[in-house]
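Here's the structure, in structure tokens; my notes come after.
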Amino acid sequence: MRFRQRHRPAPDGENVLPLINVVFLLLVFFMVAGALERADLFEVTPPEAAVEAEPEDRQGLLLMAADGRLALGGAVVAEGDLAAAVQAWREANPDVTLKVKADAAAEALAVVGLLEDLRAAGVEQVVLLTTEAG
């Protein structure tokens, strides 16, 4: 008994169009999903620390740039208006710990002065954010 072998015509090429569509959809998804985190108002590089830091939480974040600019809760604050801004923030967020993210290039005396201003404004507990060394 003889069986005939069926010959299929060789395709010109694999149909890769659906694969390309999926790849581009994934690319667009990750580009949009990766940009959902709000960036700081100005670049701040925190100093390094030898201990492991807590994950950063945006709520209650006070930024201090190397040149002394301040931002609290996503708004730029003048140095003279810091006490009023902190008191307003504390009234709106009584249970949130204030986190200070100072630039590593900022002068230590300026950071200490900021912490003293926060204590004078009635802030009892402050977390100074750093990055892990190494």
Side-chain angles (χ1 to χ4, degrees):
M1 180 185 272
R2 243 184 191 183
F3 292 105
R4 272 202 214 161
Q5 293 183 353
R6 294 186 184 180
H7 293 285
R8 292 185 187 174
D12 293 338
E14 296 291 326
N15 192 1
V16 294
L17 188 59
L19 177 65
I20 293 172
N21 289 340
V22 168
V23 169
F24 279 120
L25 285 174
L26 287 172
L27 177 68
V28 169
F29 171 76
F30 286 116
M31 287 173 53
V32 170
L36 292 179
E37 183 178 332
R38 190 172 72 180
D40 294 334
L41 292 176
F42 38 82
E43 185 175 341
V44 175
T45 306
E48 293 182 353
V51 296
E52 194 171 321
E54 294 180 9
E56 184 177 319
D57 184 11
R58 288 268 189 234
Q59 189 176 7
L61 185 62
L62 175 64
L63 298 174
M64 181 178 188
D67 60 0
R69 290 179 294 162
L70 299 172
L72 176 63
V76 177
V77 177
E79 194 169 339
D81 300 334
L82 180 64
V86 167
Q87 288 175 354
W89 176 82
R90 285 185 59 220
E91 290 173 3
N93 304 294
D95 298 335
V96 179
T97 302
L98 184 64
K99 296 171 184 69
V100 176
K101 184 178 180 183
D103 197 294
E107 292 185 26
L109 290 176
V111 176
V112 170
L114 173 66
L115 296 175
E116 289 174 355
D117 292 344
L118 292 175
R119 177 174 284 173
V123 178
E124 297 174 5
Q125 186 175 9
V126 174
V127 175
L128 187 59
L129 298 179
T130 58
T131 57
E132 187 177 353

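This structure is a prediction, so every number in the text was calculated from the model and none was measured. All residue numbers in this chain count up from 1 along the given sequence.
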Just one of Leu129, Leu118, Val127 clears the side-chain contact (heavy atoms from CB on, under 4.5 Å) bar with Val100, so which one? Leu118
Can you list every salt bridge (Lys or Arg N to Asp or Glu O under 4.0 Å) pair that touches residues 104-115, not counting sequence neighbours? none
Checking Asp81 now: which residues fulfil side chain to side chain contact (heavy atoms under 4.5 Å, CB included) with it, not counting sequence neighbours? Val77, Ala78
Residues two or more places apart in sequence or in another chain: which of them pass side chain to side chain contact (heavy atoms under 4.5 Å, CB included) with Ala121? Ala83, Val86
Set of residues satisfying side chain to side chain contact (heavy atoms under 4.5 Å, CB included) with respect to Ala120, sequence neighbours excluded: none
Least distance between heavy atoms, Trp89 atom then Leu72 atom: CB-CD2, 3.9 Å
Residue pair Thr97 / Gln125: nearest heavy atoms and the distance that separates them: CG2-O, 3.9 Å
Residue list, side chain to side chain contact (heavy atoms under 4.5 Å, CB included) with Leu109, at least two apart or on another chain: none
With salt bridge (Lys or Arg N to Asp or Glu O under 4.0 Å) as the rule and sequence neighbours excluded, what pairs involving residues 65-76 come up? Asp67-Arg69
Decide yes or no for Phe24 and Ile20: does some side-chain heavy atom of the first lie under 4.5 Å from some side-chain heavy atom of the second? yes
Of all residues at least two apart in sequence or in a different chain, which pass the side-chain hydrogen bond (donor to acceptor under 3.5 Å, both in side chains) check with Asn21? none
Could you check whether any side-chain heavy atom of Leu62 comes within less than 4.5 Å of a side-chain heavy atom of Val126, counting everything from C-beta outward? no
